[in-house]
Amino acid sequence: MLYNRQQGLEMQKELLSKQSILSVFSECKASLASVARRYIKKDYELEDILQEAFVKTFVANKKNQIEFPKSYLFETTKNLAIRENTKISTRLTEYIEDTSESLLICKEQDAFACLSKQQEKELLLAALNTLSKRCQEVTKLRLLNGVRIKDVAQQLNITVSTAEKHIAKGLERCDEYITKQQQTDEICQNDIEPEMNHRKSNYR
Amino acid sequence: MTRVVNFPSDIEKIKREATEWIARIERAELTSVEKTELNAWLATSPAYEKQLTRLVQLWDKMSEIGSSTSEQVQKNRSKRKRELDIWVILPTK
């Protein structure tokens, strides 16, 4: 006998919509915490991550009914924990004695301000793709997968010190690539603008 | 006295050292000796702080594409699953 699975899914959807995100969140909070603990070191980060995961799920559900809120919550928690784990500015503040001047409080002018999120992502991925094979492997495992340096080293059968050197080199090269790209864009922009102005003056 | 940094080669050196500090922080918790060294390094001149801040922001931005990439993977996975799950055959009584 053939059944339309879509009908089943619709019924399940209806049922789940009745269940509030909050009750799902409360029910699996302990498991969410243990997922987050796999990636983060500081307990004070945990509550923030769980709260943000809840808010993100709640907002997403409001926008467009989420089919499986539990798995959405777990995935969001994992992603947020990975992001927090790789956020160097969070850890750096603990080491700096005098942050009153500028570090991390007064932010550098955002070099990506004129780019859309998609353009920014494309530029960063393009920068990562210019790295040598091993350097790229190390940097991507750390950045995109949130794997800790010592685990990256173990996974790739290299020393922790080598993995650390790849991270430094990877960041340096990515920065060089991005700076070069932005300079090229600026030159193009400067070339286009006088041309545009010239055209405008011709039309006057 | 604060050292004045003007030469591009100096900037390149500062950038390299800043990336090395970031990698060191990525590797593990800094020891108290390393913390002192980092603060001394930062105190050399404002250029050191500037480059470190800039590169830290770049590193954090790159880590954000990691989370957005995995979110996209999850979305694509759910979409594929939905496409495959349209019809199922259930056993008849």
K.L.:
Return the set of residues passing ring-ring contact (aromatic ring centres under 6.0 Å, His included) with A/F25 (not counting sequence neighbours), or none when no residue passes.
P.N.:
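If we apply the ring-ring contact (aromatic ring centres under 6.0 Å, His included) test to A/F25, skipping adjacent residues, the hits are A/F54.
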K.L.:
So which heavy atom on A/I149 is nearest to which on B/E26, and how close?
P.N.:
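Minimum heavy-atom contact is CG1-O, 3.4 Å.
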K.L.:
So, taking the atom named CE in B/M62 and the one named OG1 in A/T139, what distance separates them when rounded to the nearest 0.5 Å?
P.N.:
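Separation between the atoms: 7.0 Å.
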K.L.:
Please name the pair of heavy atoms, one in A/Y95 and one in B/L30, separated by the smallest distance, quoted to 0.1 Å.
P.N.:
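Taking every non-hydrogen atom into account, OH-N, 3.1 Å.
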K.L.:
Go through it in stages, so that I can follow the logic: the residues are B/W21 and A/L92, the test is side chain to side chain contact (heavy atoms under 4.5 Å, CB included), and I'd like the CA-CA distance, side-chain angles, deciding distance and then a yes or no.
P.N.:
CA-CA 10 Å; B/W21 274 115; A/L92 194 62; over 6 Å; no
K.L.:
What residues, two or more places apart in sequence or in another chain, satisfy side chain to side chain contact (heavy atoms under 4.5 Å, CB included) together with A/V55?
P.N.:
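Here the qualifying residues are A/V59.
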K.L.:
Can you tell me how far apart CG (A/L171) and CD1 (B/I22) are? Round to the nearest 0.5 Å.
P.N.:
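Here the interatomic distance stands at 5.0 Å.
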K.L.:
Looking at B/E34, B/R27, B/K35, which one has more heavy-atom pairs under 4.5 Å with chain A than the rest?
P.N.:
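Winner by heavy-atom pair count: B/R27.
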K.L.:
Rounded to the nearest 0.5 Å, what separates atom NZ in A/K121 from atom CD in B/E64?
P.N.:
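Answer for the NZ-CD pair, A/K121 versus B/E64, is 12.0 Å.
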K.L.:
So which part of A/K117 gets closer than 4.5 Å to some heavy atom of chain B, the side chain, the backbone, both or neither?
P.N.:
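Side chain of A/K117 only, per the 4.5 Å heavy-atom cut-off to chain B.
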K.L.:
Where the side chain of A/D175 meets the backbone of B/L58, is there a donor-acceptor pair that is under 3.5 Å apart?
P.N.:
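Side chain of A/D175 to backbone of B/L58: no pair is present.
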K.L.:
For the candidates A/L128, A/V160, A/I167, which exhibits the highest count of non-hydrogen atom pairs separated by less than 4.5 Å from chain B?
P.N.:
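Among A/L128, A/V160, A/I167, the one with the most close pairs to chain B is A/I167.
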K.L.:
If I measure from the heavy atoms of chain A, does B/L38 come under 4.5 Å with its side chain, its backbone, both, or neither?
P.N.:
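Answer is side chain: those atoms of B/L38 sit under 4.5 Å from chain A.
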K.L.:
Going from SG on A/C174 to NZ on B/K61, what distance comes out if it is rounded to the nearest 0.5 angstrom?
P.N.:
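Reported to 0.5 Å precision, the distance equals 14.5 Å.
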K.L.:
For the pair B/D60 (side chain) and A/I88 (backbone), establish whether a donor and an acceptor sit closer than 3.5 Å, ignoring hydrogens and angles.
P.N.:
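At least one qualifying donor-acceptor pair exists.
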K.L.:
Checking side chain to side chain contact (heavy atoms under 4.5 Å, CB included) for the pair B/R24/A/E164: CA distance, chi angles, key distance, verdict?
P.N.:
CA-CA 7 Å; B/R24 216 187 282 187; A/E164 187 188 323; 3.6 Å; yes
K.L.:
Rounded at 0.5 Å granularity, tell me how far OG1 in B/T19 sits from CD in A/E172.
P.N.:
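Between B/T19 OG1 and A/E172 CD, I get 5.0 Å after rounding to 0.5 Å.
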K.L.:
May I ask you to say whether A/E176 pairs ionically with B/K15, meaning some side-chain N is under 4.0 Å from a carboxylate O?
P.N.:
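No.
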